[in-house]
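Just so it is clear: chains get the letters A, B, ... in the order the sequence lines come, proteins before strands, and each one is counted from 1.
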Amino acid sequence: MPEVTYLRPRDVADAARLYREHPTCRPLAGGTDVMVMLHAGALRPAPSALLDLWPLGELKGIRRVNGALEIGAAEPYTGIIRSALVREHLPALVAAAQTIGAAQIQNRGTLGGNLANASPAGDTLPVLLAYDATVVTDRRTISVSDFFTGYRKTALQPAELIVAVRFPLDGRTVRFRKVGTRAAQAISKVVMAVSREPARIAVGSVAEVPLRARDAEAALTRGDVAGAVAAITADIRPIDDVRSTAAYRRAVAQNVLRELLDASSRR
Amino acid sequence: MTNATASPAVGRSVPRREGADKVTGRARYTDDLVVPGAWYGKTIRSTVARGTLRSIKLDPGFDWSRVVVVTAEDIPGENVVQLIRDDQPALARLGGEIRHQAEPILLLAAADRATLEEATSHIAIAYDAMTPVLAIDDATETYSTIEIVKGDVDSALRDAAVVVERAFRVGLQEQLYIEPQGAIAQPNDRGGITVVGSLQCPYYVHRALKRALALTDEEAVVIQAETGGGFGGKEEYPSVVAIHAALLARKAGRPVRLIYDRHEDLAATTKRHPGTIRHRSGVRRDGTLVAQDIEIVLDGGAYCTLTPVVLSRAAIHAAGPYACPNVRIRARAVATNTPPNGAFRGFGAPQSLFAAELMVEHVAERLRVPSLDLRRKWMLRVGDSTATGQVLTESVSADLVLDAALKAAPAVRPSARPTVRHGRGLSLVFHGSGFTGSGEKKLSGKVAVECTRPGEFTILTASTEIGQGTKTIFSQIAADALGVTLEQVSVGAQDTSLVPDSGPTVASRTAMIVGGLIHEAAGELRERLAKVRKPKLPLRVDKTYVQPDSVHWDDQTYRGDAYPVYGWACTIADVDVDTATGEVRVTDVVTAVDCGKAIHPVMAEGQIEGGALQAVGWATIEEIKTQDGRYLNDRLATYIIPTALDAPRLKTILVENPYSGGPFGAKGIGELPMDGPAPAIIAAIHDATGVWLDEVPATPEKVLEACASS
Amino acid sequence: MRFVLNGRSVSIDAPGSRRLLDVLRESLGFTGTKEGCGEGECGACSVLIDGEVVNSCLVAAGQVEGCDVVTVEGLANGAELSVLQQAFIERGAAQCGICTPGMLLAAHALLRENPRPSEDDVRTGLAGNLCRCTGYTKIIDAVLACRR
């Protein structure tokens with residue numbers, strides 16, 4: 001296994017150029033996924049280089065931009081959790097970030113990484129769906145609901161870099177719950193983010209992608225909570241795996257949806 | 001030379017001897033050792049659960065001169081991992097049978113890890129696959145059977161007013177020492193091999209090395225490095241690692257480091273024996289226990305390892321800490337084509353006590369009486385006899401620990417959330433200290449205490465420090481017996497060329513048996529030093545274990561004094577069960593333990609707290625799923641143990657009911673804390689939800705399903 | 001790459017893609033930081049980078065260029081143990097000791113961020129450090145004993 005080159009771009013433009021020049025390089029931010037896979041020899045294709053995005057100031061920070069909230073792609077979860085802006089406008093994102101790993105992982109994990117990795121179990125991804133977030137790349141913007149195209153596959157083009165994630169500030173309330181394998185350092189069995197208005201029911205770990213439960217959302221839009229809870233089992237396609245079972249995920253998705261909708265009706 | 005005014009060390013929580021090294025990073029574990037010129041080793045393992053090893057092909061296009069390759073052909077001695085049965089090869093033979101996934105086939109060594117990885121991809125291994133036996137119910141080969149008979153169980157069951165029968169299942173569990181297995185071997189200047197490793201039993205490894213590498217007692221040297229946890233997982237498995245490292249070092253003519261990564265450790269090393277226990281109890285209307293009929297089947301995996309001894313302890317503890325006139329325990333251990341199972345804290349007792357304790361709950365439910373009443377009625381007291389007919393004469397504390405735990409239990413906290421139900425459960429257990437029956441006699445453990453210079457003393461023992469405090473408590477015991485300060489006592493390195501064979505660091509024997517020998521040796525040394533004005537130094541006293549005359553055990557009939565004495569524990573567990581998700585949060589665990597005498601109270605509590613959390617994990621979240629005989633939970637992301645946020649508040653009460661045969665009254669404590677929490681948690685889940693689970697782990701999937709179908 | 005390690009400037013020639021854990025242990029000889037899993041799950045490899053606790057098995061060495069790195073070897077002041085290290089010894093928070101370096105660094109970072117943590121705060125702050133020996137109880141006691 002040849003040693004992998006380490007590339008340290010000066011800025012995003014430099015990073016984008018290096019990525020185009022070394023198409024087999026792998027972007028690296030906090031390393032919580034890439035470094036594990038690199039060490040295990042599991043990155044496919046095997047990368048020729050690591051492109052270090054972590055030091056780039058342009059990819060960090062949390063700011064208001066034209067009535068939206070923008071979070072840098074390489075901003076660590078700890079920064080998200082501590083941000084007064086996020087706590088005020090996107091509390092479900094804080095809740096989700098707090099369930100990821102533990103202190104060490106939160107200090108390095110990023111939204112950009114969570115998105116690029118596109119794991120169906122990514123804890124923040126249902127929250128991004130429920131908030132109707134937009135992925136900002138170095139070339140364009142992509143709605144999060146268009147971002148996941150298949151199992152661990154994204155709509156990103158070759159050498160396209162995620163730069164930020166943008167959230168509309170429309171005052172919607174999103175509620176979040178993760179059912180994990182244990183209380184911390186846990187991969188989710190079911191992870192859900194729900195908004196009543198507009199009706200958004202986003203779920204992870206129940207399909208090959210994080211998804212919006214469209215039939216359940218339709219029922220919720222009609223004000224039919226019971227209907228939404230019944231419909232969600234048809235929206236999702238969970239499997240048996242090392243962590244849990246399809247039957248469990250179906251039952252718990254319903255119970256969690258019921259609980260999150262009950263909570264939002266009790267103001 | 002002796003200091004008459006030195007305050008006694010025993011009973012005080014003195015600073016851990018190697019504590020400063022551990023908090024500064026100075027402590028050197030196996031992989032921390034720098035060995036100039038060492039190459040890296042790797043084990044190539046089977047990818048089938050059962051089959052014949054047809055061929056090993058090394059791609060001629062690869063430069064094999066950069067790599068040392070070791071196969072079964074290279075074994076100078078016997079191709080066996082010495083333990084009990086001699087059935088386990090160190091490396092699979094060409095044309096021989098592969099019996100489990102991840103079975104070692106060949107070994108590689110190279111100057112760097114990249115070359116090792118490259119070499120690995122140039123090896124092709126072919127098998128003639130055979131249908132594996134994977135389920136315990138499909139097993140046809142038996143490693144061991146045990147039958148314990150007391151009275152007449154069949155008649156007693158016929159006459160019993162009420163008979164309750166239930167079946168239980170217990171699952172695999174990985175020891176999950178945070179430091180993975182590892183050893184460094186190098187040719188020594190005695191014409192042999194020295195192995196430094198992460199291990200509990202230097203002499204087990206020594207014996208295994210001699211046999212496989214054809215070395216004499218002097219040529220083989222085994223040294224224990226600072227070890228990052230063992231819990232039984234480093235009782236017998238290190239012999240495999242050591243043999244492999246030694247074979248590589250021998251062929252390479254240089255040191256070789258064989259350090260497992262976590263994935264290999266999870267996939268290939270020994271686990272707690274899973275199994276089934278079927279338990280029938282007969283009682284009178286008034287709740288008197290008259291009969292226990294118990295069947296145990298344990299899965300030993302593909303090779304025997306220590307299975308007969310695990311089965312033994314399981315069988316002896318199967319009736320629980322209760323007096324019953326008619327008992328029959330039939331236990332057998334079977335073979336499956338899964339990686340061999342082995343020692344893990346408790347060693348069979350947690351498995352059988354899980355069933356015994358839940359039976360009390362089921363009988364109580366049938367009789368509509370509190371289970372606490374039955375426990376008080378049934379519990380062993382001085383003068384009672386156990387299932388093996390052992391009459392207990394002293395240090396019996398079932399009632400003491402029960403009362404202490406009940407007194408210390410926190411106020412019940414009902415849950416605030418509507419879907420979350422609180423429950424509480426209790427268990428009462430006992431655990432024999434030392435090796436079973438004639439085990440200690442056969443082991444014939446040895447220690448020495450030496451006065452090296454005036455006022456300086458060294459303890460020579462093969463008993464290892466693996467976190468439980470061996471070095472500290474031995475120093476305390478010796479210091480008090482010698483009448484000197486702790487600072488005057490040191491513990492020599494666990495190096496087989498320097499210290500005698502004290503027996504393995506297992507079986508809750510270290511404080512009581514080995515500590516007892518040290519106590520005797522130190523006391524005798526003090527006397528001999530006192531007799532002479534200028535003693536000739538160094539002056540050394542050796543002691544060998546002699547079984548007390550009062551211990552009588554019959555290996556043939558499996559009757560008599562199974563252990564010199566028992567430790568006792570009562571556990572009260574509080575759980576919050578989320579009925580919407582099946583998640584069980586264990587919020588509080590109170591444990592009252594009688595270990596005779598706490599040589600070091602903080603360390604004794606540490607044993608209880610650590611053991612209790614391991615049992616909590618076994619009962620709730622530690623699960624191994626298998627497919628084609630391979631463990632699916634083979635990374636730390638998928639084999640999960642409790643974090644600080646999962647762990648309950650652990651409260652410990654030390655009860656001291658001294659044993660006359662132990663140093664300062666001490667009995668064993670290492671394994672006892674593993675026995676109580678699992679049944680207490682299952683009982684607590686029932687208390688919370690009305691639902692009975694009969695197995696561990698009680699995962700959320702199982703709890704949710706049980707709640708839904710009730 | 002150049003960085004500060006335990007208060008001292010360090011300059012080292014190593015591939016930037018190498019794990020910081022390996023650079024510390026093998027290139028620099030600081031073996032106090034341990035490898036328990038290589039997956040970022042156990043926390044035994046925890047170090048501080050610019051005051052924040054991270055798993056060094058997940059950090060590419062090139063990423064610490066210009067950073068301030070602290071390992072367990074940097075906690076004591078010469079022969080004088082830190083208050084936390086002392087508390088760990090006295091209260092039985094270290095048994096086998098393999099998790100102890102990582103645990104100490106996580107605890108240091110926690111106390112610096114929150115000098116008066118509750119028990120829950122401590123459990124949360126240490127949730128990324130697995131211990132198999134202690135049940136966590138005495139570790140939590142030791143950290144709480146160092147509250148200001």
Side-chain angles (χ1 to χ4, degrees), chain A residues 1-4 32-33 36-42 46 98-106 119 121 177-192 205 229 238-263 266, chain B residues 112-121 261-264 417-420 576 578-587 616-617 620-627 630-648 697 699-709:
Chain A
M1 192 173 36
E3 198 80 58
V4 172
T32 60
D33 289 312
V36 178
M37 294 196 285
L38 181 69
H39 184 69
Q98 284 172 320
T99 67
I100 296 174
Q104 290 89 335
I105 300 292
Q106 290 169 15
S119 162
R177 178 148 182 207
K178 166 180 168 178
V179 178
T181 51
R182 60 183 165 184
Q185 291 284 132
I187 304 179
S188 61
K189 298 183 182 186
V190 172
V191 56
M192 189 181 297
S205 288
V229 171
I239 57 171
D240 292 344
D241 65 13
V242 69
R243 265 177 293 287
S244 189
T245 63
Y248 178 83
R249 286 172 160 126
R250 240 176 253 117
V252 171
Q254 288 190 292
N255 292 344
V256 170
L257 178 58
R258 195 182 292 118
E259 186 183 302
L260 291 178
L261 288 175
D262 278 351
R266 276 183 276 112
Chain B
D112 58 76
R113 290 184 282 247
T115 306
L116 275 185
E117 289 315 309
E118 217 191 320
T120 304
S121 62
D261 67 14
R262 182 59 62 183
H263 167 62
E264 179 174 23
R417 289 169 54 201
T419 56
V420 177
D576 280 341
D578 188 333
T579 55
T581 64
E583 289 166 296
V584 175
R585 259 226 75 211
V586 185
T587 59
V616 168
T620 55
I621 60 174
E622 293 181 44
E623 184 177 34
I624 296 182
K625 294 184 177 168
T626 60
Q627 186 178 80
R630 187 173 62 86
Y631 298 142
L632 294 177
N633 306 73
D634 60 359
R635 300 199 177 273
L636 225 53
T638 51
Y639 186 84
I640 51 174
I641 67 170
T643 67
L645 269 176
D646 296 280
T699 62
E701 286 75 9
K702 291 178 198 156
V703 172
L704 194 66
E705 194 185 324
C707 285
S709 53

Select, from A/Val36, A/Val242, A/Ile187, the one with the greatest count of heavy-atom pairs under 4.5 Å involving chain B.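 Of A/Val36, A/Val242, A/Ile187, A/Val242 has the most heavy-atom pairs under 4.5 Å with chain B.
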Between atom [atom1] of [X] and atom [atom2] of [Y], what is the distance when rounded to the nearest 0.5 Å?
X: B/Arg585; Y: B/Asp646; atom1: CZ; atom2: CG; answer: 7.0 Å
X: B/His263; Y: B/Arg635; atom1: NE2; atom2: CZ; answer: 5.0 Å
X: A/Leu38; Y: A/Asp33; atom1: CG; atom2: CG; answer: 12.5 Å

Is [X] close to chain A through its backbone or its side chain, or both, or neither, when contacts mean heavy atoms under 4.5 Å?
X: B/Ile621; value: side chain
X: B/Asp578; value: side chain
X: B/Leu704; value: side chain
X: B/Thr638; value: side chain
X: B/Leu636; value: backbone

Side chain to side chain contact (heavy atoms under 4.5 Å, CB included) partners of A/Ala184, counting only residues at least two apart: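 A/Ala184 satisfies side chain to side chain contact (heavy atoms under 4.5 Å, CB included) with B/Thr643, B/Leu645, C/Ala127 only.
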So, using salt bridge (charged side-chain N to carboxylate O under 4.0 Å, His left out) as the criterion, who are the partners of B/Arg113 when residues are at least two apart?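 Scan of B/Arg113 (salt bridge (charged side-chain N to carboxylate O under 4.0 Å, His left out), adjacent residues dropped) gives C/Glu26.
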What residue in B/Gly582, B/Pro642, B/Pro700, B/Ser121 has the most heavy-atom pairs under 4.5 Å with chain A?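 Going by pairs under 4.5 Å, I would pick B/Pro700.
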Is any side-chain heavy atom of A/Glu259 closer than 4.5 Å to a side-chain heavy atom of B/Arg417?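 In short, these two side chains touch, coming nearer than 4.5 Å.
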